[in-house]
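Before any comments, here is the structure.
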Amino acid sequence: MELKRVVVTGLGALTPLGNTVPAYWEGLLNGVSGAAPITRFDASKFKTQFACEVKGFDPHDFMDRKEARKVDPFVQYALASTDEAVKDANLNFEKLDRNRIGVIWGSGIGGLKTFYEEVAAFANGDGTPRFNPFFIPKMIVDIAPGHISMKYGLHGPNFSAVSACASATNAIIDAFNYIRLGIADIIIAGGSEAIINEAGIGGFNAMHALSTRNDDPKTASRPFDKDRDGFVAGEGSGTIIVESLEHALARGAKIYAEIGGGGMSADAYHITASHPEGLGAKLAMSKAIADAKLQFEDIDYINVHGTSTPVGDISETKAIKELFGDHAYDLNISSTKSMTGHLLGAAGAVEAIASILSVQNDIVPPTINHFTDDPELDNNLNFTFNTPQKRTVDVALSNTFGFGGHNASIIVKKYSN
């Protein structure tokens with residue numbers, strides 16, 4: 001069986017840097033930090049009092065007030081970025097076979113705000129179970145692709161990928177595989193997350209996972225910097241329209257890039273910490289490159305997981321050096337989480353978008369907030385510190401790694417006939 005070629009024909013983004021793809025990309029290239037004091041709740045008693053929130057978002061731009069009350073913010077975000085992607089791809093569903101169009105969506109946690117509010121209301125009550133009838137449908141992770149399919153009347157494959165911070169990348173890899181196998185013509189893929197609430201921040205604080213640099217939020221996300229002290233929580237959504245090349249050409253679609261391959265692995269090591277030698281990261285990257293039938297020397301840019309945690313940044317760097325050898329020094333490496341914060345289950349989608357735009361525009365967004373070299377890292381590597389760099393980017397690799405040891409890497413490359 002000959003596998004179909006798979007391309008990207010539409011993008012949508014709702015991020016702490018901007019609520020559209022152009023605004024997000026402009027923020028990345030300008031080195032803008034999305035971090036600021038938390039406005040979602042009173043965080044004055046929390047160890048971390050800042051985050052990378054989505055700003056100026058109004059769900060009523062995408063749904064009426066009645067419908068907005070029936071969905072958690074993570075679904076509102078998903079519908080918003082998908083609206084942009086569908087329009088960007090010029091998808092006229094009336095003229096397409098909706099039975100061959102699906103939705104595969106990632107989220108690490110789903111409706112945490114809904115869960116927290118409903119359980120808190122019960123705990124603070126008199127014991128009478130007065131739960132909102134939409135409690136469960138608002139909370140469950142798979143409701144996001146459900147709502148997307150219902151909005152557009154899509155009857156193709158429809159499910160969620162849940163692998164913590166690797167969720168959206170797993171969703172995109174699944175979409176890629178379904179299309180190249182001929183199971184669908186188009187998949188709306190991506191991820192969304194909305195965890196900036198008392199339960200989300202409090203829970204990650206309890207794990208000592210978040211930066212506590214409350215005196216300087218904008219520089220708190222410091223991937224590969226000596227003084228990094230944890231990740232910065234982010235929220236938002238990213239949507240990618242994944243389509244077979246023949247279907248895209250037949251309808252005259254614009255093509256951003258081609259998806260070359262995907263790789264997945266498990267650390268099988270610890271519930272939260274990455275393997276100290278980066279074994280799972282190395283395996284996921286090598287599988288993606290092999291799947292794309294490329295050589296290590298073909299990779300120009302890696303959008304790394306790079307969360308700004310003391311251990312994680314070191315292990316990913318070790319994996320890159322061991323896998324790529326001398327070519328590691330010819331790569332551009334950058335962590336866009338230095339600007340967006342960590343969007344958890346949505347990270348893979350917004351970072352894949354950054355990788356796609358890097359390939360399209362031949363420019364690498366920076367890793368901002370670098371002040372002091374870490375002696376435990378090889379600082380001869382090009383981490384693209386503080387300033388974007390122009391270079392030919394024919395192939396980009398995007399990494400996302402999740403709690404539980406889940407690793408996923410995806411390759412995007414310039415499209416050519």
Side-chain angles (χ1 to χ4, degrees), residues 1-13 21-22 25 28-29 85-86 88-91 96 100-101 169 172-190 238-263 285-303 324 327 330-334 348-365 384 388-399 408-417:
M1 176 183 176
E2 184 176 352
L3 296 176
K4 296 179 182 292
R5 292 174 66 185
V6 182
V7 294
V8 175
T9 56
L11 302 174
V21 169
W25 183 236
L28 289 179
L29 295 185
V86 166
D88 184 46
N90 194 28
L91 293 177
L96 300 172
R100 292 188 56 80
I101 304 175
T169 303
I172 297 166
I173 292 172
D174 281 351
F176 167 65
N177 284 328
Y178 272 61
I179 289 173
R180 66 174 172 172
L181 289 170
I183 294 170
D185 297 324
I186 298 173
I187 298 284
I188 297 173
T239 303
I240 295 175
I241 306 300
V242 184
E243 187 168 358
S244 74
L245 174 60
E246 61 182 345
H247 192 270
L249 292 176
R251 69 180 187 87
K254 72 173 179 290
I255 295 173
Y256 280 97
E258 183 170 358
I259 299 179
M285 288 188 285
S286 63
K287 284 184 174 182
I289 293 167
D291 189 36
K293 296 180 172 56
L294 297 173
Q295 304 300 314
F296 298 127
E297 293 76 17
D298 294 323
I299 308 301
D300 300 302
Y301 166 48
I302 304 178
N303 187 300
F324 288 92
H327 182 61
D330 297 324
L331 294 165
N332 270 81
I333 297 165
S334 76
V350 298
E351 290 161 18
I353 291 170
S355 301
I356 289 163
L357 294 175
S358 182
V359 165
Q360 187 188 47
N361 295 286
D362 286 323
I363 190 168
V364 174
T384 322
Q389 293 182 13
K390 281 190 166 292
R391 65 166 291 169
T392 300
V393 184
D394 290 324
V395 184
L397 174 66
S398 182
N399 287 339
S409 300
I410 192 164
I411 286 187
V412 294
K413 61 182 184 177
K414 276 188 169 63
Y415 164 70
S416 62
N417 290 325

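Note that the structure is predicted; figures quoted are calculated from it, not measured.
Residues that satisfy the side chain to side chain donor-acceptor pair (under 3.5 Å) test with Arg100, not counting sequence neighbours, are Asp185. For Ala189, the side chain to side chain contact (heavy atoms under 4.5 Å, CB included) partners two or more places apart in sequence, or in a different chain, are Ile172, Ala175, Ile187, Val242. Evaluation of the side chain to side chain contact (heavy atoms under 4.5 Å, CB included) rule for Asn332 yields Tyr301, Val364, Asn382, Thr384, Gln389, Arg391 as partners, not counting sequence neighbours. Lys4 pairs by the side chain to side chain contact (heavy atoms under 4.5 Å, CB included) definition with Ser244, Glu246, not counting sequence neighbours.
Taking the side chain as every heavy atom from C-beta outward, His247 and Leu96 approach each other to under 4.5 Å. Proximity of Asn361 to Leu29: side-chain heavy atoms (C-beta onward) are nowhere separated by under 4.5 Å. Side chains of Leu91 and Ile101 form no contact here, defined as non-hydrogen atoms less than 4.5 Å apart. Put simply, the side chain of Asp298 does not reach to within 4.5 Å of the side chain of Ile289, judged on heavy atoms. No side-chain heavy atom of Ile179 sits less than 4.5 Å from a side-chain heavy atom of Ile259. Between Tyr256 and Ile240, the closest side-chain pair of non-hydrogen atoms is not below 4.5 Å. Contact annotation: the side chain of Val6 never approaches that of Asn177 to less than 4.5 Å [non-hydrogen atoms, C-beta and beyond].
Side chain of Ser334 to backbone of Pro365: a donor-acceptor contact under 3.5 angstrom is found. For the pair Ser358 (side chain) and Ala354 (backbone), a donor-acceptor distance under 3.5 Å is absent.
Among pairs with a residue in residues 408-417, those fulfilling salt bridge (charged side-chain N to carboxylate O under 4.0 Å, His left out) read Asp362-Lys414, Asp394-Lys414, at least two apart in sequence or across chains. Within the structure, every pair that satisfies the salt bridge (charged side-chain N to carboxylate O under 4.0 Å, His left out) test and touches residues 249-259, not counting sequence neighbours, is listed here: Arg5-Glu258, Asp88-Lys254, Glu243-Arg251.
For the pair Ser409 and Asn399, the tightest heavy-atom approach, listed with the atom from each and the gap, is OG-OD1, 2.7 Å.
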